[in-house]
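The structure under discussion appears below in the form of structure tokens.
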2 protein chains.
Amino acid sequence: MTDQSPPEKPPETLPRLGEIGLTNYAPYLMNRIMGRYNASLREEMAGLGLTTPKMRALAVLSVIEGPLIRELAVFSVVEQSTLSRALDQLATEGLIRRESDASDSRATRVYITDTGRTHFETLWPRMAEAQERMFRGIPADERRAFVGTLQKMLTNIRKHEI
Amino acid sequence: MTDQSPPEKPPETLPRLGEIGLTNYAPYLMNRIMGRYNASLREEMAGLGLTTPKMRALAVLSVIEGPLIRELAVFSVVEQSTLSRALDQLATEGLIRRESDASDSRATRVYITDTGRTHFETLWPRMAEAQERMFRGIPADERRAFVGTLQKMLTNIRKHEI
DNA sequence: CATATTTAAATGCATTTGCAAATATCCCTG
DNA sequence: CAGGGATATTTGCAAATGCATTTAAATATG
């Protein structure tokens, strides 16, 4: 009972959320900002008959040629089962095309159609605008640094997913 | 037919997503990163009987004292009707308390209970860890700059919401 | 080479979500 | 101070979501 070590200091003192404040906690800020970004697009998307998963799939497919469905799920940040159904709709509407993989008949590759590309290009200016609103008043070099940090963060999380 | 001006440049040329690349488009990166962050917490939350809306409400309430429900909806980035039901559950579980506003009997203020605070403090270390994983290898000054930019962005979107 | 294991995608089902409408109260205007 | 909007919250309902399971095919193992 002669232990002299200070009992009140744990090895690592974790500050509480209240101490940091919501607006210093990066995930809170990011969720808040993305919530607004996504909401601002939802309206536009609804007019085009698109939901968030459908739009995200189209966006990724406008850039990546013929990914597997499970890859598309990761890139577009949509649950695989949700994506599967979103693809059903997109295929029915003629915006994408499913093609069974040549070397693995379990797998399916997904391609955007010309119609799909046109559709996405109608939406893209709104997405660019929404980004522009987010970044309003932020100088170019600060934007670049911000995106650079995001890319590092993506690398960090990628070690856990994929 | 002697017009010498270059005909290929429209007044404002909007780069396509394919030209920027997904990984230079900030909203894509942010959605991707937050998707992972939220997924990593979902598991932990499930064990505590929390959903994302319930967790977010608790987190905000651990910092903000007695907000109106519509304010809480904005702060916690949850649709008001969804929040209303999340609060039903949280109240049943004794984690929050609804109290009708003194000066406006339409309005309801929400307070976290001691039990709710304890509950949230069980989750908080996981949230802090998740943030730490996101920021791994990113130096302190870069983190600060990043959060600073996020705060500016929040100000930008705030002009549109609330 | 038969069998067990893993992997890809789709589907069944219960829960959650979000829009729109309902309800209750407040505030403004004449 | 009565009536017509606004505003705060809840609720009905159809659609979307996500987990767990199924189906089908590939790969590993003995």
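Each chain gets a letter, A, B and so on, in the order the sequences are listed, and its residues count up from 1. Just so it is clear, the structure is predicted and the values come from calculations on it, not from any experiment.
In this structure, the CG atom of B:Leu68 is 11 Å from the C1' atom of D:dT9, given to the nearest Å. B:Glu71 places its CD atom 13 Å from the C1' atom of D:dT7, with the value rounded to the nearest Å. Distance, B:Met45 CE to D:dG18 C1': 13 Å, rounded to whole Å. One interatomic measurement links the two molecules: CD of B:Gln80 to P of D:dT7, which rounds to 13 Å at whole-angstrom precision. The CD atom of B:Glu99 sits 19 Å away from the P atom of D:dA8 (whole-angstrom rounding). The CD1-C1' distance, from B:Ile69 to D:dT7, rounds to 13 Å in whole Å. In this structure, A:Met55 atom CE and D:dA16 atom P are separated by 15 Å, rounded to whole Å. We find that CG of A:Leu87 is positioned 11 Å from C1' of C:dA10, with the value rounded to whole Å.
Residue B:Arg32 holds its CZ atom at 5.0 Å from CG of A:Leu154, rounded to the nearest 0.5 Å.
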Check: What string of B, S and - do you get for nucleotides 14-27 of chain C 5' to 3' if you count protein non-hydrogen atoms under 4.0 Å?
Finding: ---BBB----BBS-

Next item on the list: Could you check A:Arg97 against A:Val110 for side chain to side chain contact (heavy atoms under 4.5 Å, CB included), going step by step and ending with a plain yes or no?
Entry: CA-CA 6 Å; A:Arg97 188 164 39 82; A:Val110 188; over 6 Å; no

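Using a 4.0 Å heavy-atom distance criterion, B:Arg98 is classed as a sugar-phosphate-only contact.
Proximity of a side-chain donor or acceptor of B:Asn156 to a complementary backbone N or O of A:Met134 within less than 3.5 Å is detected.
Few gaps surround CD on A:Glu132; more than 12 heavy atoms of other groups in view lie less than 6.0 Å from it.
In this pair, A:Phe135 and A:Phe146 present their aromatic rings perpendicular. The plane angle is above 60°, beyond the 30 to 60° band.
If you check the side chains of B:Ser40 and B:Asn38, you find no donor sitting under 3.5 Å from an acceptor.
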